[in-house]
Amino acid sequence: MKAFVMHEIGRVGFMEKPVPDLGPGDALIRTTRALICTSDSHTVHGGIGPRENLTLGHEAVGVVDSVGSEVKDFRPGDRVLVGAITPDWGDPASQNGHPSQSGGPLGGFKFANSKDGVFAELFHVNDADANLAKIPDGISDEAAVYCADMLSTGFMGAEHGNIPMGGTVAVLAQGPVGLMATAGARLRGAGLVIGVEAVPSRQKLARTYGADEIVDFTREDVVERILELTGGHGVDTAIEALGADVTFQTAVKVTKPGGTISNTGYFGEGEFVSIPRVEWGVGMADKTIASGLCPGGRLRMERLLRVVENGRVDPSHLTTHEFSFDDMERAFEVADKKLEDVVKVMISF
Ligand code: ZN
């Protein structure tokens, strides 16, 4: 079968690979749609260390090709969403309520990390009964595929943010995860959502997904402006959706005492992330710092699909580019180099 791989750090391309073997609880999925993620770029540029001929991609939907003998709820031909994170549900971390950390820190992140990913004609899923979700007839593949990672991670930013009904929220950066955090904050009852973003097309999308105010960091001081918009108090919740030291510090600075800094960003550089001492109340301002990796699991995906099915959020506005799998090299270049105001690149198989 054909797969799009990272041959080594900095080098991608197609190669032929054998169809994966199935264990009793596993499923083989024939890919129909996939999305390129910023994490794929991080991986190719060495974010998880060297890899040889690793199939990329972790956001996909498809049709069940075959299942292991112990899979109960899925059959060949079922149209399914696959979580970007595919935990081992028997692991102690899963039993402790943190399935994304099963098998060690971030261990639920298997696709294009500890095993081959989804940018292939077929791919393997462990614990199929727990890591697949059937896609309702009313939802297109093009919408459902956003539930694999973007909705799950963005909404997690809002969920971890402990947003009071009518509370104030700042979402720092309006990339695809930040945009879904903006939508999630709105769904969680925020009374004011402030989106921080400089790119005009992303500012517009932020408005579409529920931002009431936009702060452009190239034109104004973000901390001053957010304090001004909140009567000098700061926000109840700041969601970090970039993964940069300066953004994280801003999140701490703009959060009021008792508030929550909810991190979704990937911090790929440097030895430390710094916390601004004074605005952290010298360590005593009752500010909570929450972090998490995209939650996976069938129940979660079924909930996310329900949000889409009933029109609460339409993720399809995130798709700025579409390519066929055969054009994957160009598609990856557009996503990797952030060309043409790209937000998300959709691949059709
Ligand atoms: Zn992703």
Side-chain angles (χ1 to χ4, degrees), residues 4-6 12 29 31-48 51 54-62 81-87 99-101 106-120 123 125 131-133 141-158 173-184 202 239-243 263-268 291-297 300-301 304-305 308 313 315-323 328 331-332 334-336 338 342-347:
F4 186 75
V5 307
M6 162 189 179
V12 297
I29 308 300
T31 320
T32 52
R33 296 283 188 285
L35 294 163
I36 301 178
C37 185
T38 311
S39 301
D40 293 307
S41 282
H42 293 149
T43 298
V44 169
H45 296 295
I48 58 170
R51 293 287 192 281
L54 176 74
T55 304
L56 292 164
H58 55 267
E59 303 181 20
V61 292
L81 165 67
V82 186
I85 299 302
T86 47
S100 296
Q101 316 299 332
L106 316 187
F109 180 19
K110 295 175 190 287
F111 287 134
N113 185 7
S114 57
K115 67 186 255 191
D116 277 335
V118 304
F119 293 161
F123 66 89
V125 180
N131 286 323
L132 299 177
D141 287 350
E142 291 84 348
V145 68
Y146 279 100
C147 298
D149 185 355
M150 298 297 97
L151 259 81
S152 195
T153 302
F155 284 11
M156 175 198 75
Q174 299 289 315
V177 168
L179 288 163
M180 289 301 99
T182 297
R202 292 183 178 209
I239 302 173
E240 208 285 355
L242 187 68
N263 185 70
T264 68
Y266 158 86
F267 288 81
S291 75
L293 171 65
C294 171
R300 168 118 186 138
M301 291 190 286
L304 296 172
L305 288 165
V308 175
V313 174
S316 60
H317 303 300
L318 296 174
T319 304
T320 51
H321 293 71
E322 295 181 58
F323 291 91
M328 193 70 206
F332 192 80
V334 168
D336 185 42
K338 295 204 168 22
V342 66
V343 178
K344 282 298 266 189
V345 177
M346 173 91 61
I347 308 299

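Residue numbers count from 1 along this sequence. First listed ligand is number 1; within each ligand, the first listed atom is number 1. Predicted, not measured: the structure shown is a model, and the values here were computed from it. Note that these values count all heavy atoms, side chains included, but never hydrogens, waters or copies made by symmetry.
Checked by atom type, the side-chain pair R51/T43 shows no donor-acceptor distance below 3.5 Å.
In terms of modelled atom types and a separation under 3.5 Å, the side chain of T264 and the main chain of G157 share no donor-acceptor contact. Between the R300 side chain and the S152 main chain, a donor and an acceptor come within less than 3.5 Å of each other. Between the side chain of T32 and the backbone N or O of V61, at least one donor-acceptor pair lies under 3.5 Å.
At a threshold of 4.0 Å, the pair E59-K344 counts as salt-bridged, since one of the basic side-chain nitrogens sits closer than that to a carboxylate oxygen.
Partners of S39 by side chain to side chain donor-acceptor pair (under 3.5 Å), not counting sequence neighbours: none found.
Around the Zn ion (ligand 1), the protein N, O or S atoms found under 2.8 Å comprise C37 SG, H58 NE2, E59 OE2, D149 OD2.
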